[in-house]
Amino acid sequence: MILTRENILNFVITAGLILVPIYAVIVEEPFTITLATRAVIFSLAAVGLNIALGLGGMVSLGHAVFFGLGGYTMGILAFHAQSYIPLFEWPILIEGTKQMLVVWPLAMIISAIAAFVIGLLSLRTGGVYFIMITLAFGQMFFFFSISWSAYGGEDGLSIYVRNQFPLVNTLVPIQFYAICLAILMLALWINARLAKSSFGLALSAARQNTERVRNVGLDPTSIKLVAFVISGAITGLAGALFADLNRFVSPTMFSWQLSGEIMVFIIIGGIGRLYGPVLGAIIFVTLEHFLGGISEYWLVFLGLLLLLIVLFSRGGLVGLLVGRERVHE
Amino acid sequence: MTLLLLENVTASYGKAQALFDVNLNLKEGELMALMGRNGMGKSTTVKVIMRMLRGTGNLLFEGRDIMGLPSHRVAQMGLGLVPEGRRCFRDLTVAENLSASARLGYWSLPRIFELFPRLGERQVQVADSLSGGEQQMLSIGRALMTNPRLLILDEATEGLAPIVRQEIWVAIGKLKAETGIAILLIDKSIKELREICDSATLIERGKTVWTGSMKSLDSQTLDRYVGVS
């Protein structure tokens with residue numbers, strides 16, 4: 001690892017994510033840990049989107065689909081576990097579960113399957129049509145979740161106790177936070193490796209010039225589809241964690257506003273920058289908390305911030321802090 | 001042995017027909033010039049060969065019909081294109097541009113840097129920061145990294161300084177002498193084409209009007225169909 005300005009910034013952000021909750025434990029402010037957990041989970045969702053948006057240039061306004069699917073996977077499994085009603089009795093008996101290690105892979109697989117289908121259909125188009133199709137899928141899932149009364153419909157589903165993880169007491173905020181942070185770090189590591197791999201190069205190339213990519217024997221559509229599936233799976237995992245944080249899932253997890261928010265995190269932080277989504281989500285959650293306490297119209301200030309960033313720093317805050325172009329070592 | 005064969009190829013941009021009857025026969029290891037005035041269908045022919053534009057007629061590569069294949073498939077089969085206007089992946093470095101398209105075979109990063117030492121010196125620079133000539137070399141290198149059987153160069157020396165052009169021509173000469181790759185060349189430098197190419201195919205108004213060895217191409221024919229001799 002070479003000590004570039006970007007690496008230093010990434011290190012500072014990581015250190016902050018480790019130290020702030022520890023400080024919160026010392027001064028006994030558990031709510032700060034909850035806020036930090038929220039920021040970390042949103043970061044994870046945005047890291048997922050950043051693979052599609054930043055590396056692949058796919059402007060998906062439907063990533064809440066995966067966030068919601070992850071959430072509902074967790075919610076439905078936990079609902080069946082806490083009510084002792086099996087999920088299926090035929091052809092084989094499948095019961096609900098409260099084990100995170102079962103819920104997570106399932107949330108990712110279900111999100112990945114949805115991403116595959118949505119990607120397959122929407123990648124036939126590009127530009128504004130791609131945005132509209134992903135948005136349309138988002139709305140479809142949103143209204144479906146509202147009308148699915150078996151799982152709470154509009155009211156959502158409450159989960160009494162947080163899911164379990166071996167050797168960890170997930171109900172202790174700092175311990176649950178540690179799990180989320182570890183997953184975020186893993187996702188960032190995968191993202192960094194992916195960007196440097198030959199697949200990542202091909203994806204970057206496909207973003208920049210579709211025709212030329214074909215001319216060198218690569219199929220841009222399948223490359224983008226794979227990236228979209230990986231992206232959806234990561235955002236889905238974030239959804240499962242978010243449901244566990246709130247012990248509640250509702251159709252708002254599918255809402256297009258949430259898709260927009262995930263994208264806003266990335267735009268604030270820096271599109272295509274490794275820590276862009278993380279910085280963006282931290283700032284969003286911080287502003288939401290502090291400005292939200294001052295005025296219910298806090299989104300006006302967020303809008304202003306977004307405007308300034310888009311106008312004056314095309315690389316987002318990461319670009320503003322460490323320079324625009326990524327450094328090649 | 002015939003490597004690339006076009007018979008009665010036609011193609012249209014919407015309602016405007018651009019190719020009426022293109023015929024071309026390129027043998028293995030052959031260096032052929034595709035000549036004609038501007039707007040006569042040279043680049044359109046290349047687009048049909050690379051399957052970027054739908055066409056009709058026979059299009060065979062190594063005896064296999066490729067008319068129905070998608071463009072990435074024909075590239076995988078061994079057709080490498082250096083497109084008009086270079087178009088490197090501008091946010092990727094030189095080495096990344098080359099690696100993104102790499103397929104196993106004779107050509108590898110060290111071999112490309114041997115052919116174009118300038119690229120070797122600029123491995124870690126992003127393509128956007130290269131000069132026009134270097135981008136052209138990168139574009140050729142990128143096509144070679146797919147280890148093609150046939151390399152198509154569409155206006156590879158256009159808009160470059162004379163000294164850089166010379167470097168590119170030297171490189172093309174080296175390719176021919178050292179690797180035996182077949183090359184289809186479109187270029188405005190008639191003098192160099194005459195020196196380096198084995199054969200020529202002349203196109204006018206979307207039709208093949210002359211084909212034969214470069215030696216047998218007389219200045220009268222050249223003047224008539226290309227406008228210079």
Side-chain angles (χ1 to χ4, degrees), chain A residues 1-2 4 6 50-51 53-58 120 123-124 126 192-227 270-274 276 314-316 318-319 323-329, chain B residues 46-47 49-53 69-105 107 122-129 135 138-149 151-154:
Chain A
M1 173 93 51
I2 295 170
T4 60
E6 183 157 359
N50 202 26
I51 290 174
L53 179 67
L55 289 179
M58 292 171 272
L120 204 62
L123 280 170
R124 300 162 74 96
R193 288 298 300 265
L194 199 71
K196 288 256 169 275
S197 69
S198 52
F199 173 78
L201 292 181
L203 183 61
S204 252
R207 182 189 74 234
Q208 294 170 43
N209 198 328
T210 314
E211 194 87 277
R212 294 305 147 227
V213 168
R214 287 204 186 94
N215 287 153
V216 296
L218 302 166
D219 178 13
T221 313
S222 40
I223 292 169
K224 283 184 172 180
L225 184 59
V226 171
I271 296 170
R273 308 301 283 255
L274 184 61
R314 291 197 51 204
V318 172
R324 237 195 102 187
E325 189 42 57
R326 68 191 172 112
V327 181
H328 288 281
E329 59 271 15
Chain B
V46 169
K47 277 188 186 161
I49 296 171
M50 291 307 294
R51 304 295 310 116
M52 295 147 78
L53 180 69
L69 296 180
S71 49
H72 66 272
R73 284 284 302 127
V74 297
Q76 286 168 9
M77 286 174 67
L79 278 152
L81 172 68
V82 178
E84 204 175 352
R86 313 186 251 280
R87 321 220 176 140
C88 303
F89 305 125
R90 54 190 168 73
D91 287 351
L92 299 185
T93 64
V94 168
E96 286 171 341
N97 257 280
L98 295 170
S99 311
S101 62
R103 302 180 76 79
L104 283 180
W107 290 102
R122 307 212 185 303
Q123 286 183 54
V124 295
Q125 261 179 253
V126 288
D128 218 14
S129 68
Q135 287 190 26
L138 181 55
S139 185
I140 296 174
R142 183 178 64 183
L144 288 174
M145 284 296 279
T146 66
N147 280 292
R149 307 278 314 270
L151 184 68
I152 303 176
L153 293 151
D154 192 354

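Only this structure's heavy atoms are used, side chains among them; waters, hydrogens and symmetry mates stay out.
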>> For F89(B) and E96(B): C-alpha separation, side-chain torsions, deciding distance, then whether side-chain contact (heavy atoms from CB on, under 4.5 Å) applies.
In response: CA-CA 9 Å; F89(B) 305 125; E96(B) 286 171 341; over 6 Å; no
> At a heavy-atom separation under 4.5 Å, does R51(B) approach chain A through its side chain, its backbone, both, or neither?
Replying inline: neither
>> Ignoring hydrogens, what is the shortest heavy-atom contact between A195(A) and L55(A)? Give both atom names and the distance.
In response: CB-CD2, 4.0 Å
> A127(B) and L138(B): which non-hydrogen atoms are nearest, and at how many Å?
Replying inline: CB-CD2, 3.9 Å
>> So which residue, L203(A), L218(A), V213(A), ends up with the most heavy-atom pairs under 4.5 Å with chain B?
In response: L218(A)
>> My understanding is that only one of R142(B), M52(B), K47(B), M50(B) makes a side chain to side chain contact (heavy atoms under 4.5 Å, CB included) with P83(B); could you say which?
In response: R142(B)
> Heavy-atom distance under 4.5 Å to chain A: side chain of T146(B), backbone, both or neither?
Replying inline: side chain
